[in-house]
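Have a look at the structure below before the remarks.
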Amino acid sequence: MVKKSRFIAGAAPAADEAAALAFIEDIRGSHKAASHHCYAYILGAQGNALRYSDDGEPQGTAGLPILEAMRKPGLTNCVCVVTRYFGGVLLGAPGLVRAYGQAASMAVRAAGTARWESSQAIAADVSYDRWDRVRHSLIRLGAQAPEATFTDKIRFETVMRACDTEKALAELAALTDGAISPEVSPPFYKPWPQPGASE
């Protein structure tokens, strides 16, 4: 709360412009009575695709401070929206810059950061007696917690960094005496949280 105006900020990863715009629209839909929904997003490996909006606030007092809050820690492929419920007291340009910048910085810190890395999905069938060892091995090697379907056998799916896939496949073969036939997706990029990034 700044001089009776309420500022609510949110930040999220965005793989492309469609994802960034969808996040902005979700925020607008959640706060339909708000005065302003100012935002910025940065896309691309080098962060060279960016856009920001003051959404009716004086030029340069909202979108740009939000953008700078993301650029300062070197972020890309992300979006941040700061929603303002006007409280009836004008803040002036310096007050707006400070309020929007601080709200965006807090949202970025709270959201934490992730590194986009080449990843692969792995799916396979495994017997019940080998499931615990397979699951623990995958998690130890950095895979996401596997999702499993239980029928006469266990069908699991997980995602891991592409650089760890070969080692994981070798370990799965050893654990199951070669009885496993994993399906491995082509590499794709996804965000992986960085330890301690939100501290």
Separation between CG of Leu175 and CG of Asp132, rounded to the nearest 0.5 Å
11.5 Å
Could you give all pairs that pass the ring-ring contact (aromatic ring centres under 6.0 Å, His included) test and reach residues 15-40, with sequence neighbours left out?
His31-Tyr85
Can you name the closest pair of heavy atoms from Thr165 and Val184 and give their distance?
CG2-CG1, 4.1 Å
OG (Ser105) and CD1 (Ile66) are apart, to the nearest 0.5 Å, by 10.0 Å
In terms of hydrophobic clustering (I, L, V, M, F, W, Y; side-chain heavy atoms under 4.5 Å; direct or indirect links), are Leu43 and Leu75 co-clustered?
no
So which pairs with a foot in residues 166-187 pass salt bridge (charged side-chain N to carboxylate O under 4.0 Å, His left out), sequence neighbours left out?
Arg130-Asp177, Arg140-Glu171, Arg155-Glu183
With a 4.5 Å heavy-atom cut-off, do Arg84 and Leu96 have their side chains touching?
yes
Ile154 vs Ser127, test: side-chain contact (heavy atoms from CB on, under 4.5 Å). Steps then yes/no.
CA-CA 6 Å; Ile154 298 172; Ser127 60; over 6 Å; no
One should read off an interatomic distance between Met160 CE and Ile139 CD1, to the nearest 0.5 angstrom, of 10.5 Å
Should Tyr52 and Ile24 be regarded as members of a common hydrophobic cluster, given that ILVMFWY residues are connected when their side-chain heavy atoms come within less than 4.5 Å of each other, either directly or indirectly?
no
Criterion side-chain contact (heavy atoms from CB on, under 4.5 Å) on Tyr41 and Leu21, from CA distance to verdict
CA-CA 9 Å; Tyr41 56 81; Leu21 294 175; 4.1 Å; yes
Give the intermediate values and the outcome of side-chain contact (heavy atoms from CB on, under 4.5 Å) for residues Leu172 and Val134.
CA-CA 6 Å; Leu172 291 178; Val134 165; 3.6 Å; yes
If you define the side chain from C-beta out and look only at heavy atoms, does anything of Pro65 sit under 4.5 Å from Leu67?
no
Could you check Val159 against Phe188 for side-chain contact (heavy atoms from CB on, under 4.5 Å), going step by step and ending with a plain yes or no?
CA-CA 10 Å; Val159 176; Phe188 59 91; 3.9 Å; yes
Would you mind reporting whether Val81 and Cys38 have side-chain heavy atoms less than 4.5 Å apart?
no
Rounded to the nearest 0.5 Å, how far apart are SG of Cys78 and CZ of Arg71?
11.5 Å
For the atom pair CD1 (Ile8) and OG (Ser30), what is the distance rounded to the nearest 0.5 Å?
10.0 Å
Is there a side-chain contact between Met70 and Val108, using heavy atoms and a 4.5 Å cut-off?
yes
Cluster overlap Ile122 with Ile180, hydrophobic side-chain contacts below 4.5 Å
yes
Under 3.5 Å donor-acceptor, Asn77 side chain and Asp16 backbone
no
Partner residues of Arg161 under the salt bridge (charged side-chain N to carboxylate O under 4.0 Å, His left out) criterion, sequence neighbours left out:
Glu117
How close do Ala34 and Thr83 get, heavy atom to heavy atom, and via which atoms?
CB-CG2, 3.2 Å
Which residue pairs satisfy the ring-ring contact (aromatic ring centres under 6.0 Å, His included) criterion with at least one member in residues 154-185, sequence neighbours excluded?
Trp131-Phe156
Heavy-atom closest pair, residues Leu91 and Ala99:
CD1-CB, 4.5 Å
Of the non-hydrogen atoms in Ser118 and Pro187, which two are nearest, and what is the gap between them?
OG-CB, 3.5 Å
For Tyr100 and Glu57, work out which heavy atoms get closest and say how close.
OH-OE2, 2.6 Å
Quick one: salt bridge (charged side-chain N to carboxylate O under 4.0 Å, His left out) pairs with a partner in residues 99-108, sequence neighbours left out?
none
Side chain to side chain donor-acceptor pair (under 3.5 Å) against Ser119, all qualifying residues, sequence neighbours excluded
Trp192
If two hydrophobic side chains count as joined below 4.5 Å and joins carry through other members, does Val126 share a cluster with Leu138?
yes
What is the minimum heavy-atom distance between Gly101 and Ala69, and which atoms define it?
O-CB, 4.0 Å
For a 4.5 angstrom cut-off between non-hydrogen side-chain atoms, does Gln144 reach Glu157?
no
